[in-house]
Q: 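First the structure, then my questions, so here it is.
Just so you know, residue 1 is the first one in the sequence shown, and it goes up from there.
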Amino acid sequence: MALVNVDDAGDSAGWSRRNRQKTKHKIPGEVDTPAVDYEKLKWLCSHQGLKGKGDIHGESSEEAHKFFMENYHQIFPGRRPLPGIPLGNQDRSTGPQAASKTSGPQVASKTSGPQTASKSSSNLSTGVPGSVPCVKKHQDESDHPESWSHEIKEHLSKLHKERKDLDPHVIHANRIKELRQIHRKLPYERTAADNAKVYRHLKEFPLLAGQLTDKELKELCTVTQLDVWRDEDYTVFGNLGFHIILKGSVVPQTDPWIKTNNMPVIFRSPTPLLTTTAFTDSPEIPELTVGDCFGTLEKVEGREPNSKILTVLTKSVPCEFLKISGNDYKRITEHIRERENSEKVDVIQSCQNYHLWPRQSLMKLANLLHWTTYPENTVLVTEGELCPFVGFIKSGECHVLRQVQVMHTLPNGKQEKRFKQVVMSRLKSGDSFGEISVLETEPMTSSIVTATDLELGIISPERLKELDDTTRSLMLQSSEQLCGQLSEDEIHNEYIDQELKREWNQFKHGVVVDVINHRGIRPGYGKWSN
């Protein structure tokens with residue numbers, strides 16, 4: 001067996017290997033920095049009023065403790081401060097580091113680190129503008145970390161100030177900004193989320209939302225567009241649509257400069273002008289700025305689109321307007337009206353008495369009908385009284401009740417006559433009621449009570465008077481009284497059947513409950529009932 005020299009084998013291994021024991025590098029000498037300045041420590045501990053752990057003569061005074069806590073950092077020389085959040089109003093000449101630069105215990109005791117911190121927290125809590133740090137101050141103080149604070153109370157006090165998003169001016173500015181961003185897209189480029197944001201913002205403009213329903217406003221949000229004017233002293237015709245100022249300002253050229261659907265306005269001819277230039281010094285002419293409105297949704301009849309009525313002049317350019325065209329408003333409202341009328345016709349025609357009615361007569365009824373809702377257990381009609389309207393059930397269910405006189409047994413065994421309500425039938429989607437009572441002014445033969453939440457289309461007696469005689473006679477021929485052909489014996493027999501079913505169901509339920517709880521400990525049931 002041959003012997004192998006380990007050193008030689010290591011040298012002849014690979015070109016990338018080296019002997020770590022033979023490799024030598026110069027290591028720079030380390031200069032030990034003392035962790036504690038014992039001179040400062042002696043000076044700090046020799047302060048009058050401090051007591052040691054083994055001293056039995058009492059505790060340290062409050063002033064001595066405060067002095068120690070303000071100056072203990074001086075025993076750690078050359079230590080870099082921990083990173084902190086700078087406070088903009090804090091004085092750099094005060095604080096712990098300023099105390100370390102002074103010489104002697106008297107100068108150090110006069111520094112007010114904690115006092116400075118309490119002062120800044122009080123300023124922040126009161127919301128003084130000078131106490132709010134700005135970005136420039138933060139950048140300047142990044143080179144002076146001694147002005148930073150590690151006290152959590154310094155920064156928690158900022159949370160108690162009023163939030164910016166609660167300021168109505170900030171909310172209004174953000175609303176205008178978001179509307180401008182969304183309307184930089186064309187209507188067909190906007191998403192459903194964009195249209196939802198536009199709808200939410202436009203509801204905050206009362207001059208617009210006050211003259212539209214929710215359906216109309218939602219539909220109009222899909223066709224709103226941005227109108228930009230870059231030249232000064234140009235005329236904007238408000239008769240072409242409704243405008244909301246998003247940027248710039250305008251001056252009204254005529255009075256009035258806005259027309260709503262609920263505001264009757266008489267326009268004179270020829271139209272008197274308030275001014276011919278936007279740069280007027282008259283105090284009687286207001287300046288419309290961001291958030292103001294002008295124009296109209298409905299075009300003024302008998303006037304040309306480029307007439308001088310409802311016109312304004314551009315002043316601060318560029319001007320940006322959110323515009324709702326009058327043609328789009330007319331088209332959308334007609335579409336919504338046709339859709340609602342079609343829905344009403346479908347509900348009326350789904351009723352059994354109106355299956356064979358002609359389309360023209362159904363449209364006459366649909367124009368008089370409007371929707372309403374009723375909660376559960378609401379009495380719509382009382383037996384023996386006039387029906388307040390003609391009803392067409394869209395969704396939900398009602399009970400038709402009749403009164404019957406029966407003998408009631410009292411707890412003492414005596415009997416007396418009482419009136420009871422009997423459910424004779426049920427009305428559901430596709431049923432109607434009240435035609436004969438309203439048209440012939442006859443009392444109802446039964447009561448109607450909602451069994452579930454009900455959505456109902458109603459026609460009031462006043463609106464029915466608008467119908468022609470042919471349609472009124474057609475309604476009378478197609479309608480009949482609810483449960484009007486029933487005799488007293490039939491109602492009484494129905495009451496007896498329902499009472500027997502109710503008693504039988506109660507008996508079955510009691511037996512089942514007693515059997516289930518016979519072996520269980522449940523007070524009031526089974527063997528535990530006694």
Q: Flag the pair M363 / N341 as yes when at least one side-chain heavy-atom distance between them is below 4.5 Å, and no otherwise.
A: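 A side-chain contact exists here, since the closest heavy-atom pair is under 4.5 Å.
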Q: Using the rule given for side chain to side chain contact (heavy atoms under 4.5 Å, CB included), can you reason through V250 versus V236, listing the C-alpha separation, both sets of side-chain angles and the distance that settles it, and then say yes or no?
A: CA-CA 9 Å; V250 297; V236 182; 5.5 Å; no
Q: What do you reckon, is NE2 of H169 surrounded by more than 12 foreign heavy atoms closer than 6.0 Å?
A: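 No, because the 6.0 Å sphere around NE2 of H169 holds 12 heavy atoms or fewer from other groups.
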Q: Please work out whether the ring planes of F294 and H243 are parallel, tilted or perpendicular, with thresholds of 30° and 60°.
A: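 Judged by the thresholds at 30° and 60°, the geometry between F294 and H243 is parallel.
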Q: Are any non-hydrogen side-chain atoms of K344 and F392 less than 4.5 angstrom apart?
A: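 The answer is no; the side chains never approach within 4.5 Å.
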Q: Report the C-alpha separation of R337 and E340 in whole Å, then their side-chain angles, then the decisive distance to 0.1 Å, and conclude whether the salt bridge (Lys or Arg N to Asp or Glu O under 4.0 Å) test is met.
A: CA-CA 5 Å; R337 193 179 301 111; E340 290 180 349; over 6 Å; no
Q: Applying side chain to side chain contact (heavy atoms under 4.5 Å, CB included) to E219 and E216, what does each step give before you reach the verdict?
A: CA-CA 5 Å; E219 294 285 345; E216 292 174 344; 5.9 Å; no
Q: Quick check on side-chain contact (heavy atoms from CB on, under 4.5 Å): which of V379, T450, T452, D453 does Y374 satisfy it with?
A: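 One option only clears the test, and that one is T450.
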Q: With a 3.5 Å distance limit and no angle check, can you tell me whether E494 reaches the backbone of V422 through a side-chain donor-acceptor pair?
A: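 No.
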Q: Kindly give the heavy-atom pair with the smallest separation between G434 and M444, and that separation in Å.
A: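 Residues G434 and M444, closest heavy atoms: CA-SD, 4.5 Å.
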Q: Is it the case that over 12 heavy atoms from other parts of the model lie below 6.0 angstrom from the CD atom of Q415?
A: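 Above 12, so yes.
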Q: Checking side-chain contact (heavy atoms from CB on, under 4.5 Å) between L454 and each of T373, I393, T372, which is the one that passes?
A: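 Of the listed residues T373, I393, T372, the side-chain contact (heavy atoms from CB on, under 4.5 Å) partner of L454 is I393.
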Q: For atom CZ of F279, is the number of surrounding heavy atoms from other residues, nucleotides or ligands below 6.0 Å larger than 12?
A: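 Count over threshold, so yes.
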Q: Take a 6.0 Å sphere around OH of Y234 and say whether it holds more than 12 heavy atoms from other residues, nucleotides or ligands.
A: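 No - once you tally the heavy atoms of other residues, nucleotides and ligands closer than 6.0 Å, there are 12 at most.
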Q: Work out which heavy atom in H399 is nearest to a heavy atom in R426; give both atom names and the distance.
A: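 Of all heavy-atom pairs spanning H399 and R426, the closest is NE2-NE, 3.3 Å.
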Q: Determine whether the side chains of N353 and S479 contain a donor N or O and an acceptor N or O closer than 3.5 Å.
A: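 There is no such pair between these side chains.
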Q: Answer yes or no: is there a donor N or O on one side and an acceptor on the other, between the side chain of D292 and the main chain of T289, under 3.5 Å?
A: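 Side chain of D292 to backbone of T289: a pair is present.
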Q: Would you find a donor on one side and an acceptor on the other, under 3.5 Å apart, between the side chain of S361 and the backbone of P358?
A: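 No; zero donor-acceptor contacts below 3.5 Å.
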Q: Are the side chains of E189 and D194 in contact, using a 4.5 Å heavy-atom criterion?
A: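 Result no, sub-4.5 Å side-chain heavy-atom pair not found.
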Q: Check R402 with E490, please: is the shortest side-chain N to carboxylate O separation under 4.0 Å?
A: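 Salt bridge between E490 and R402, a charged N being under 4.0 Å from a carboxylate O: no.
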Q: In the structure I gave you, are the side-chain heavy atoms of L369 and V347 within less than 4.5 Å of one another anywhere?
A: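 In short, these two side chains do not touch, never coming nearer than 4.5 Å.
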Q: Looking at K218, I want to see if its NZ is surrounded by more than 12 non-hydrogen atoms of other residues, nucleotides or ligands under 6.0 Å.
A: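 Incorrect, the count does not exceed 12.
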Q: Answer whether the closest heavy-atom distance between the side chains of P286 and W257 falls below 4.5 Å.
A: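 SC-SC contact between P286 and W257 confirmed.
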Q: So L456 and K394, do their side chains get closer than 4.5 Å, heavy atoms only?
A: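 K394 vs L456: side chains apart.
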Q: Between D227 and W229, is there a side-chain donor-acceptor contact under 3.5 Å, judged purely by atom types and distance?
A: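 Note: W229 and D227 side chains meet the donor-acceptor criterion.
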Q: Looking at Q360, I want to see if its CD is surrounded by more than 12 non-hydrogen atoms of other residues, nucleotides or ligands under 6.0 Å.
A: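 Count not over threshold, so no.
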Q: With side chain to side chain contact (heavy atoms under 4.5 Å, CB included) as the criterion, how do T254 and L273 come out once you've worked through the C-alpha distance, each side chain's angles and the decisive distance to 0.1 Å?
A: CA-CA 5 Å; T254 60; L273 301 180; 3.7 Å; yes
Q: Are R463 and E466 within salt-bridge range, i.e. N to O under 4.0 Å?
A: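 A salt bridge links R463 with E466.
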Q: Within the 4.5 Å heavy-atom criterion, are T333 and L212 side-chain neighbours or not?
A: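 Side-chain contact under 4.5 Å: no.
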Q: Are the side chains of M475 and L365 in touch, meaning some heavy atoms are under 4.5 Å apart?
A: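 Yes. Closest side-chain heavy atoms under 4.5 Å.
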Q: Can a side-chain donor-acceptor contact be found between R331 and S325 if the only test is distance below 3.5 angstrom?
A: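 Their side chains do not contain a donor-acceptor pair, so the 3.5 Å distance test is not met.
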Q: State whether the number of non-hydrogen atoms from other residues, nucleotides or ligands found under 6.0 Å of E284 atom CD is greater than 12.
A: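 Not buried by this count: 12 neighbours or fewer within 6.0 Å.
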Q: Heavy-atom count around L186 CG within 6.0 Å, excluding the residue itself: above 12?
A: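 Counting neighbours around CG of L186, more than 12 heavy atoms of other residues, nucleotides or ligands fall under 6.0 Å, so yes.
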Q: Which one of R230, R180, K177 satisfies the salt bridge (charged side-chain N to carboxylate O under 4.0 Å, His left out) criterion with E320?
A: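 Among R230, R180, K177, the one that satisfies the salt bridge (charged side-chain N to carboxylate O under 4.0 Å, His left out) with E320 is R180.
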Q: Kindly say whether V300 contributes a backbone atom to a donor-acceptor pair with the side chain of N239 at under 3.5 angstrom?
A: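 Checked: pair present.
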Q: Any chance you could lay out the side chain to side chain contact (heavy atoms under 4.5 Å, CB included) test for L401 and E383, step after step, and finish with the verdict?
A: CA-CA 8 Å; L401 306 177; E383 182 180 350; over 6 Å; no
Q: Between Y329 and F242 (judged by ring centroids, cut-off 6.0 Å), do the two rings come close enough to count as a pair?
A: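 No.
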Q: Return the minimal non-hydrogen interatomic distance between T276 and L313, and the atom names on each side.
A: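 Of all heavy-atom pairs spanning T276 and L313, the closest is C-CD1, 3.8 Å.
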Q: Supply the atom-to-atom distance R200 CZ to L179 CG, rounded to the nearest 0.5 angstrom.
A: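 Going from the CZ atom of R200 to the CG atom of L179 covers 9.5 Å.
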Q: Indicate whether any N or O donor in one side chain lies under 3.5 Å from an N or O acceptor in the other, for K299 and N327.
A: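 Side chains of K299 and N327: pair found under 3.5 Å.
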